[in-house]
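These notes concern the structure reproduced below.
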Amino acid sequence: MRLVGHAGKALKVEHAERPVAQRFEGAVLPHLSAGLTLAMYLTGNKADAEDAVQEAVLRAVRYFSTLRDDDARAWFLTIVRRVCFTAYRTDRPQGTDMISIDAVGPQLVDNREQPDLAAERLHLQQRVRAAVDQLPPLLREAIVLRELQSCSYAEVAAVTEVPIGTVMSRLSRARARLADLLHDVVDFGDAI
Amino acid sequence: MSERPDLGTALREALPVYDASPSLQAWAREEARKLDQESLPERGAPVRPLRSRVWRLSQWPIAAGLVIAAAAGWGAGFLRPASRATSSANATTTQLVDAHVRSLLPGHLLDVESSDRHTVKPWFAGKTDIAPVVVDLSDKGFPLLGGRLDYVAGHTAAALAYGRRGHTINVFIWRTVPGEPSDGSFAVRGYSLLHWSNDGLSLWAVSDAALSELEAFRDAYVHP
């Protein structure tokens, strides 16, 4: 709703205030799910992830005026990530109170497949999840942002607040670790 | 063995993405509305959505003395380690305001919900090494809502929540350590803070109510 100059004064005051919330809704709310997904892979459980997203929304509202460029997704993901790294321990040793992402992931199996093929795919998915689960947080987030959320290298760099060179190095280390664990079932091409 | 997928395909097929629940989205939309409301005069502003629960609580009959178990998952959020402690007054006050705002999230305000000080005070025993003074000040206009454990600026804190005409006052209490900010009043992002010390304890009252209200509260709390 855009109001142009000729409206009465009272109306003008009321509506002049309005677009900030609308801009926020348009810029940030579409990325709540992306934020939740990143938080899930950083905190490892849904309660923490949702808390982190709520805290991130509060901060995003507070600092909305600092959003200058157009990449609201990278901006919001940066906030989510900071909350995850400061308020929640993302470096917990595996197997303590961290819920494996195995435990919460849906099972993406197409029922029309042959039973043995379906079982093979399910097994592959479990192995991939377990391998990602084992990555250190900095490598895991790089892989999740790049491969799962289709961020550009520049966006991954913006979200994780490091130079692009560092992103490349983390991604390559992450891929190398995944290759160690998954080379028999995943094609890593000539990159490794 | 079927053909091996490449890494990107394998990851996208194996790793779930998550959808923000409708309630999370609705909550975020409500939060966004504050961007418009906060520039309006406070008097005319409608009760903010997050505060509505608090507002209702403050309307409850004081004599009820209800104890309601806090929603388990949310309450537990306060027991997790938070960000590092810093010694500067600036960082402390900022974190206190963050903790205050966080407490107003649905389900976050109270671990023990009671206007009965005899319920609230023993609740802290065993959960923290301090025994905060818990008084119901409803006769002075500050009804006790309850208490919770919090973690602020590197301290495990006892937090008491009081109502004040639709506002919430959080009192954070921890054992004084060297290098803390001196007593006095602070203002951060439109919130008021009042700090005083007593008997080896550091007390911080935080609210969006005016500083004069906090001073009235401190006087009532110190001399009930």
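Not measured: the values here are computed from a predicted model. All chains are named by letter (A, B, ...) in the order of the sequence lines, taking the proteins before the strands, and each is independently numbered beginning at 1.
When each of A:Gln149, A:Arg146, A:Arg62, A:Arg59 is scored by its heavy-atom pairs under 4.5 Å with chain B, the top score falls to A:Arg62. Note on A:Leu36, A:Leu29, A:Val186: by heavy-atom pairs under 4.5 Å with chain B, the leading option is A:Val186. Contact count versus chain B (heavy atoms, under 4.5 Å) is highest, among A:Val144, A:Leu182, A:Val128, for A:Val128. When the candidates B:Asp98, B:Asp19, B:Thr9 are compared by the number of heavy-atom contacts under 4.5 Å with chain A, B:Asp19 comes out ahead.
In this structure, B:Leu15 and A:Arg129 have side chains that are in contact, with non-hydrogen atoms separated by less than 4.5 Å. Inter-residue side-chain proximity for B:Leu11 and A:Leu148 is flagged as unmet; no heavy-atom pair is nearer than 4.5 Å. Between A:Gln54 and B:Arg102 the shortest side-chain heavy-atom distance does not fall below 4.5 Å. Taking 4.5 Å as the limit, some side-chain heavy atom of A:Leu124 sits within range of a side-chain heavy atom of B:Pro5.
Here the NZ atom belonging to B:Lys34 is positioned 6.5 Å from the CG atom belonging to A:Leu58, to the nearest 0.5 angstrom. Of the inter-residue distances, the one linking A:Gln22 atom CD with B:Arg33 atom CZ reads 9.5 Å to the nearest 0.5 angstrom. We find the CD-CZ distance between B:Glu31 and A:Phe64 to be 14.0 Å, quoted to the nearest 0.5 Å. Rounding to the nearest 0.5 Å gives a distance of 12.0 Å between CG of A:Leu38 and OH of B:Tyr18.
Atom CZ of A:Arg82 has 12 or fewer heavy atoms from other residues, nucleotides or ligands within 6.0 Å.
Of the two parts of A:His183, only the backbone, made up of N, CA, C and O, holds a non-hydrogen atom closer than 4.5 Å to a non-hydrogen atom of chain B. With a threshold of 4.5 angstrom between heavy atoms, A:Ile143 approaches chain B through side-chain atoms but not through N, CA, C or O.
Between A:Glu147 and B:Arg12 the shortest heavy-atom distance is O-NH1, 3.3 Å. Here the shortest heavy-atom pairing between A:Ala21 and B:Ala32 reads CB-O, 3.3 Å.
Distance alone, capped at 3.5 Å, is enough to place a donor-acceptor pair between the A:Ser33 side chain and the B:Ala20 backbone.
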Could you check A:Phe188 against B:Asp6 for side-chain contact (heavy atoms from CB on, under 4.5 Å), going step by step and ending with a plain yes or no? CA-CA 6 Å; A:Phe188 283 84; B:Asp6 63 36; over 6 Å; no

